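Lettering follows sequence order; numbering is per chain, from 1. Note that the coordinates shown come from a computational prediction; the quantities given were computed from them, not determined experimentally.
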There are 2 protein chains.
Amino acid sequence: MRPREFDHDDVLRIAFDQFWRKGVRGTSLSDIARDAGVQRGSLYNAFGSKEALFLQAYERYAGDYLLALQKALGTGSLRKRLTAFFDLTITNFRSGTPPRGCPTTRGLMELGAAEGEGLDEEARQVFAGLISRITALVQDTLSAGAERGEFNGNAGAAALHIITVTRGLAVLERAFGDEPQLRKIAAHTIDLVLGRKGG
Amino acid sequence: MRPREFDHDDVLRIAFDQFWRKGVRGTSLSDIARDAGVQRGSLYNAFGSKEALFLQAYERYAGDYLLALQKALGTGSLRKRLTAFFDLTITNFRSGTPPRGCPTTRGLMELGAAEGEGLDEEARQVFAGLISRITALVQDTLSAGAERGEFNGNAGAAALHIITVTRGLAVLERAFGDEPQLRKIAAHTIDLVLGRKGG
DNA sequence: CATGTTCTTGACGTCGTGTCAAATACTTCA
DNA sequence: TGAAGTATTTGACACGACGTCAAGAACATG
């Protein structure tokens with residue numbers, strides 16, 4: 001056994017950074033290889049394909065992202081929690097250091113990756129899994145809020161609604177990039193779901 | 001002057017159909033050329049690039065789509081109009097004849113097209129323009145409904161909210177493909193915006 | 001120190017985009 | 001009717017990216 005000359009996780013981080021900054025399509029394995037100081041062939045040997053590499057990098061990110069969301073949803077009044085949730089989501093659209101006019105957002109990266117063919121099905125499932133887990137997180141938060149009398153309504157439906165708005169915001173961000181407006185929409189959504197009390 | 005041997009609009013239609021079925025990335029100009037019975041070079045001569053061709057095909061589609069939306073938003077009670085609007089939007093996600101497990105939807109095609117680099121900026125603007133026009137349409141409908149007492153609230157904010165949900169549905173459709181659930185979310189959104197009266 | 005397994009390396013094949021010059025076909029003007 | 005001019009078509013070319021493969025290199029194990 002000959003040991004790897006590079007760190008698996010380092011490459012994953014570097015790859016994700018590139019995918020995020022330049023988009024999946026706009027990032028070649030040569031770019032990643034150069035940045036990571038690794039031969040291109042080694043990447044194929046270690047990960048199999050560009051898409052498999054993306055998937056691993058994405059799943060790694062998804063884990064971190066979920067933890068952050070969980071934290072944001074864990075303190076304060078229900079309204080505060082939801083506000084923090086939207087804040088984190090919107091901030092995340094442009095976190096990092098995007099280049100000139102970069103329209104690529106983490107919030108929709110997986111769509112760019114799946115566009116065309118290839119790992120479509122697998123990327124779809126990974127993405128769907130992330131969405132589901134986020135929805136569950138929000139739903140739990142709403143249910144807990146309901147028990148404290150901060151919300152009355154269908155927690156499942158409301159959570160689904162919130163997640164839908166969240167994904168819609170990602171699309172709008174890509175089209176307009178207007179962050180203040182996104183926050184207005186988010187606030188409005190919270191008002192609608194919570195019934196405007198306290199707003 | 002030598003006249004073109006193919007019809008500009010025919011090619012646009014054929015190209016859009018391919019883009020829709022296989023995604024922008026998954027469609028090569030060779031595919032379109034073969035389907036249209038045109039030489040690949042002629043496409044470059046006539047349209048400039050794959051992305052320019054996509055943009056023209058997309059703008060053509062956008063015009064048709066807007067007309068259909070306008071029609072859907074034009075009859076019945078406000079609730080009926082919004083329901084028709086969401087129906088058309090959701091149906092449009094999968095209209096046509098997608099191949100096996102096709103995850104590409106018209107609702108997000110432009111994102112796949114813009115992924116990476118190239119015409120990013122231009123595609124973004126075209127997409128943003130379409131979103132804006134749809135938002136205006138919805139807002140007008142809400143304002144008209146408000147005058148008839150069917151809605152009271154901020155028509156602008158509500159329209160933005162609805163459009164956001166719409167784009168979010170497109171993302172969810174891509175992730176889950178579960179149409180019944182999309183319709184539930186749509187109905188819930190209408191309830192939230194209209195205040196659940198009559199539902 | 002020999003052996004074997006895995007990783008690395010560089011060359012190759014394929015496909016897709018985009019460019020270019022030469023050939024072609026049509027219009028227009030004489 | 002015929003010649004000139006112009007835009008289109010055509011096929012070859014260059015380039016970059018993904019993916020494969022065989023040969024060489026480096027390490028663990030006996």
Side-chain angles (χ1 to χ4, degrees), chain A residues 1-12 14-16 18-58 104 109 112-123, chain B residues 1-12 14-16 18-58 104 109 112-123:
Chain A
M1 288 279 291
R2 176 179 177 177
R4 284 248 165 73
E5 292 181 4
F6 60 90
D7 185 84
H8 198 266
D9 267 26
D10 282 352
V11 170
L12 245 39
I14 291 171
F16 187 82
Q18 298 249 349
F19 284 140
W20 172 67
R21 276 171 26 222
K22 302 182 296 183
V24 177
R25 189 182 175 184
T27 302
S28 73
L29 280 197
S30 306
D31 295 338
I32 297 171
R34 194 182 319 116
D35 227 55
V38 174
Q39 209 71 13
R40 201 168 57 88
S42 296
L43 294 181
Y44 279 99
N45 178 53
F47 299 98
S49 72
K50 178 183 183 179
E51 300 168 330
L53 170 57
F54 167 71
L55 270 190
Q56 286 195 38
Y58 182 73
T104 303
M109 233 176 51
E115 240 288 324
E117 28 221 327
L119 87 167
D120 271 355
E121 195 53 25
E122 207 171 344
Chain B
M1 286 279 289
R2 175 178 178 177
R4 285 248 165 74
E5 292 181 2
F6 60 87
D7 184 83
H8 199 266
D9 268 26
D10 282 353
V11 169
L12 244 41
I14 291 172
F16 186 82
Q18 299 249 347
F19 284 140
W20 173 67
R21 276 168 28 218
K22 302 183 296 185
V24 177
R25 189 183 176 188
T27 302
S28 73
L29 281 198
S30 306
D31 295 339
I32 297 171
R34 195 182 318 117
D35 228 54
V38 173
Q39 209 71 14
R40 200 169 57 88
S42 295
L43 295 181
Y44 279 99
N45 178 54
F47 299 98
S49 72
K50 177 183 181 179
E51 301 169 328
L53 170 57
F54 167 72
L55 269 189
Q56 287 196 37
Y58 183 72
T104 304
M109 234 176 51
E115 240 289 320
E117 30 221 325
L119 86 168
D120 270 356
E121 195 53 26
E122 206 171 343

Using whole Å, report how far [atom1] of [X] lies from [atom2] of [N].
X	N	atom1	atom2	value
A:L43	C:dC7	CG	P	13 Å
A:K50	C:dG16	NZ	P	15 Å
B:I32	C:dG18	CD1	P	11 Å
A:N45	C:dT6	CG	C1'	8 Å
A:L29	C:dT9	CG	P	15 Å
B:Q39	C:dA23	CD	P	17 Å
B:Q18	C:dG16	CD	C1'	15 Å

Using a 4.0 Å heavy-atom cut-off, does B:F47 contact any base of the nucleic acid, only the sugar-phosphate backbone, or nothing at all?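 Nothing: the residue B:F47, judged by heavy atoms under 4.0 Å, touches no strand.
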
5' precedence on DNA chain C between B:Y44 and B:P3 (nearest-nucleotide basis):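 Nearest nucleotide further toward 5': that of B:Y44.
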
By nearest nucleotide on DNA chain C, pick out whichever of A:G41 and B:R2 is the more 5' one.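 Between the two, 5'-proximity favours A:G41.
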
Residue from A:Y58, A:F54, A:F47 passing side-chain contact (heavy atoms from CB on, under 4.5 Å) with A:L12: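 Only match with A:L12 under side-chain contact (heavy atoms from CB on, under 4.5 Å): A:F47.
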
Phosphate OP1/OP2 of C:dC7 contacted by A:S42 side-chain N/O (<4.0 Å):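 No, A:S42 has no side-chain N/O under 4.0 Å of OP1/OP2 on C:dC7.
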
Report yes or no: is there a donor-acceptor pair, N or O only, under 3.5 Å between the side chain of B:R40 and the base of C:dG18?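 Such a pair exists between side chain and base.
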
Heavy-atom side-chain contact between A:Q56 and A:H8 under 4.5 Å: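 They are in contact (side-chain heavy atoms under 4.5 Å apart), so the answer is yes.
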
Are B:F19 and B:I32 close enough that some pair of their side-chain heavy atoms sits under 4.5 Å apart?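 They are in contact (side-chain heavy atoms under 4.5 Å apart), so the answer is yes.
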
Regarding A:S42 and A:N45, is there a side-chain donor-to-acceptor distance under 3.5 Å anywhere?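 The criterion, which ignores hydrogens and geometry beyond distance, is not satisfied for A:N45 and A:S42.
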
If you walk 5' to 3' along DNA chain D, what is the first nucleotide with an atom under 4.0 Å of a heavy atom in chain A, and what is the last?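 Taking any atom under 4.0 Å from a heavy atom of chain A, the span is D:dA17 to D:dA28.
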
Is the side chain of B:K22 donor-acceptor paired with the backbone N or O of B:S28 at a distance under 3.5 Å, no angle test?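 Not confirmed, B:K22 side chain does not pair with B:S28 backbone.
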
